[in-house]
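Notes for the one structure printed next.
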Amino acid sequence: MKKTYAVLAIVAAAILVAYALLPDRSFSEVVFPLSEGVTLDKYDDRLDGGSSEASMDLHDSSADFSCTLGTDTAVFAWCGLLWNFDPQGEKNYRNWMFVDSLVFDIDAKGTDEILVKVWTYDPDVTDIEKVQTFKLLLKEIPLKAGRQRIAIPMEQLYTPEFWYENAGVDQKYNKRHQESVARFEITPGWNQPRGKAFSVKVHSISANGVSNFYFGVVLFAFLIITIIAVGRSHKVHNDEDKN
């Protein structure tokens with residue numbers, strides 16, 4: 001019995017040493033500055049008959065985006081910046097399973113909020129020919145004037161009810177599918193005034209995280225050790241009772 005416990009203790013110690021020696025499985029993907037195979041475009045509603053005006057000056061180390069939403073409140077108005085991680089439509093999506101935060105270094109003027117949107121491919125509902133069926137993960141980010149660094153927990157991004165309605169999708173399909181991120185977007189906040197110019201200068205954006213895979217393996221190994229130890233103890237007690 002004592003020999004069994006000694007062996008299990010040695011195994012447990014070896015697992016802890018191996019875990020300590022393993023490299024951290026960290027994850028970081030730079031959204032901006034742009035990497036190869038990623039496109040960045042500005043858009044507005046003028047092609048759909050609106051009067052919003054957006055412009056973008058793209059540099060190696062920054063992207064200067066400005067927009068003025070159309071003043072006709074009888075129609076919707078929109079503009080934004082759109083990163084496309086799969087411009088060729090080949091399903092070469094980004095795997096953000098290990099992402100736990102989005103980090104922004106931006107400079108804002110004329111606005112106190114932006115919306116960050118992450119669009120993922122959901123195999124249950126997404127038709128790649130219909131952009132509105134990509135799963136929307138959204139987060140409102142409050143801003144102050146000037147340059148600022150902001151970190152947003154990935155878990156705070158949510159799928160709004162209007163996405164299910166617009167995409168015609170049942171709310172039971174609520175998986176986030178961070179393993180297949182197709183696009184990333186920045187748009188004005190919900191209450192951005194019509195006719196008021198605002199600008200956002202993007203210095204950097206990154207998606208960061210740490211995998212819990214190794215920690216999970218260690219927990220599983222200790223669970224097995226515990227089961228063996230308990231089972232061995234019960235067997236010894238049963239044998240003693242029989243004697």
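All values below come from the heavy atoms of this structure, side chains included, with hydrogens, waters and symmetry mates left out. All residue numbers in this chain count up from 1 along the given sequence.
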*Going from CZ on Arg176 to CG on Leu157, what distance comes out if it is rounded to the nearest 0.5 angstrom?*
6.0 Å

*Smallest separation among heavy atoms of His177 and Thr120, with atom names*: O-CB, 3.2 Å

_Checking the side chain of Gln148 only, and the main-chain atoms of Lys144 only, is there a donor and an acceptor separated by less than 3.5 Å?_
yes

_Considering only residues two or more places apart or on different chains, which pairs with a residue in residues 81-181 satisfy disulfide bond (SG atoms under 2.5 Å apart)?_
none

*Residues in side chain to side chain contact (heavy atoms under 4.5 Å, CB included) with Val103, at least two apart?*
Ser101, Arg149, Ala151, Ser206, Asn208

_If I take atom CD1 from residue Ile106 and atom CZ from residue Arg147, how far apart are they, to the nearest 0.5 angstrom?_
10.5 Å

*Please lay out, stage by stage, how Val181 and Leu137 fare under the test side-chain contact (heavy atoms from CB on, under 4.5 Å).*
CA-CA 10 Å; Val181 176; Leu137 303 177; over 6 Å; no

*Shortest non-hydrogen contact from Ile150 toward Pro142*: CD1-O, 4.2 Å

*Using the disulfide bond (SG atoms under 2.5 Å apart) rule, collect all pairs that involve residues 110-204, keeping only residues at least two apart or in two chains.*
none

*Residues in ring-ring contact (aromatic ring centres under 6.0 Å, His included) with Tyr93, at least two apart?*
Tyr121

*Mind checking what makes side chain to side chain contact (heavy atoms under 4.5 Å, CB included) contact with Ser55, not counting sequence neighbours?*
Ser66

*Closest heavy-atom contact between Leu102 and Val118?*
CD1-CG2, 4.4 Å

*Nearest 0.5 Å, what's the CZ-NZ distance between Phe198 and Lys109?*
14.0 Å

*Linking I/L/V/M/F/W/Y whenever their side-chain heavy atoms sit closer than 4.5 Å, directly or via other members, would Tyr43 and Leu58 fall into one cluster?*
no

*For atom CE of Met97, decide whether the heavy atoms of other residues, nucleotides or ligands shown that lie under 6.0 angstrom number more than 12.*
no

_Cluster check Ile141, Leu115: I/L/V/M/F/W/Y, side chain < 4.5 angstrom_ = no

*If Ile, Leu, Val, Met, Phe, Trp and Tyr residues are connected whenever their side-chain heavy atoms lie under 4.5 Å apart, and connections chain through other members, are Tyr173 and Ile128 in the same group?*
yes

*Provide the closest heavy-atom pair for Gln156 versus Ile152 in the form atom of the first, atom of the second, distance.*
OE1-CG2, 4.2 Å

*Applying salt bridge (charged side-chain N to carboxylate O under 4.0 Å, His left out), name anything that partners Asp100, two or more places apart in sequence or on another chain.*
none

*For Ser51, check side chain to side chain contact (heavy atoms under 4.5 Å, CB included) against everything at least two apart and list the hits.*
none

*Between Ile114 and Leu143, does a side-chain contact (heavy atoms from CB on, under 4.5 Å) hold up when you go through it step by step?*
CA-CA 7 Å; Ile114 57 173; Leu143 300 177; 3.6 Å; yes

*Taking the side chain as every heavy atom from C-beta outward, state whether Asp124 and Val169 have any atom pair closer than 4.5 Å.*
no

*Euclidean distance, Gln178 CD relative to Phe98 CZ, rounded to 0.5 Å*: 11.0 Å

_Qualifying salt bridge (charged side-chain N to carboxylate O under 4.0 Å, His left out) pairs, either residue in residues 32-49, two or more places apart_ = Asp44-Arg46

*Rounded to the nearest 0.5 Å, what's the gap from CG on Leu40 to CZ on Phe65? Could you check?*
10.0 Å

_Working to the nearest 0.5 angstrom, can you tell me the gap between Trp119 CH2 and Ser180 OG?_
14.0 Å

Listed pairs under 3.5 Å, donor-acceptor, residues 186-193 side chains, sequence neighbours left out:
residue: Trp190; atom: NE1; partner: Glu140; partner atom: OE2; Å: 3.0
residue: Gln192; atom: OE1; partner: Thr111; partner atom: OG1; Å: 2.8
residue: Gln192; atom: NE2; partner: Gly110; partner atom: O; Å: 3.4

*Among pairs that include at least one residue of residues 110-123, which meet salt bridge (charged side-chain N to carboxylate O under 4.0 Å, His left out), considering only residues two or more places apart or in two chains?*
Asp122-Lys135

*Between Glu29 and Ala207, is there a donor-acceptor pair closer than 3.5 Å when you use the side chain of the first and the backbone of the second?*
no

Donor-acceptor list for residues 69-86 side chains, cut-off 3.5 Å, not counting sequence neighbours:
residue: Asp72; atom: OD1; partner: Ala74; partner atom: N; Å: 3.0
residue: Trp83; atom: NE1; partner: Val31; partner atom: O; Å: 3.3
residue: Asn84; atom: OD1; partner: Asp86; partner atom: N; Å: 2.9
residue: Asp86; atom: OD1; partner: Glu90; partner atom: N; Å: 3.1
residue: Asp86; atom: OD1; partner: Asn92; partner atom: N; Å: 3.3
residue: Asp86; atom: OD2; partner: Glu90; partner atom: N; Å: 3.1
residue: Asp86; atom: OD2; partner: Lys91; partner atom: N; Å: 2.8

Just list the side-chain donor-acceptor pairs under 3.5 Å for residues 161-168, sequence neighbours left out, or say none.
residue: Trp163; atom: NE1; partner: Gln132; partner atom: O; Å: 3.0
residue: Trp163; atom: NE1; partner: Phe134; partner atom: O; Å: 2.9
residue: Asn166; atom: ND2; partner: Phe162; partner atom: O; Å: 3.3

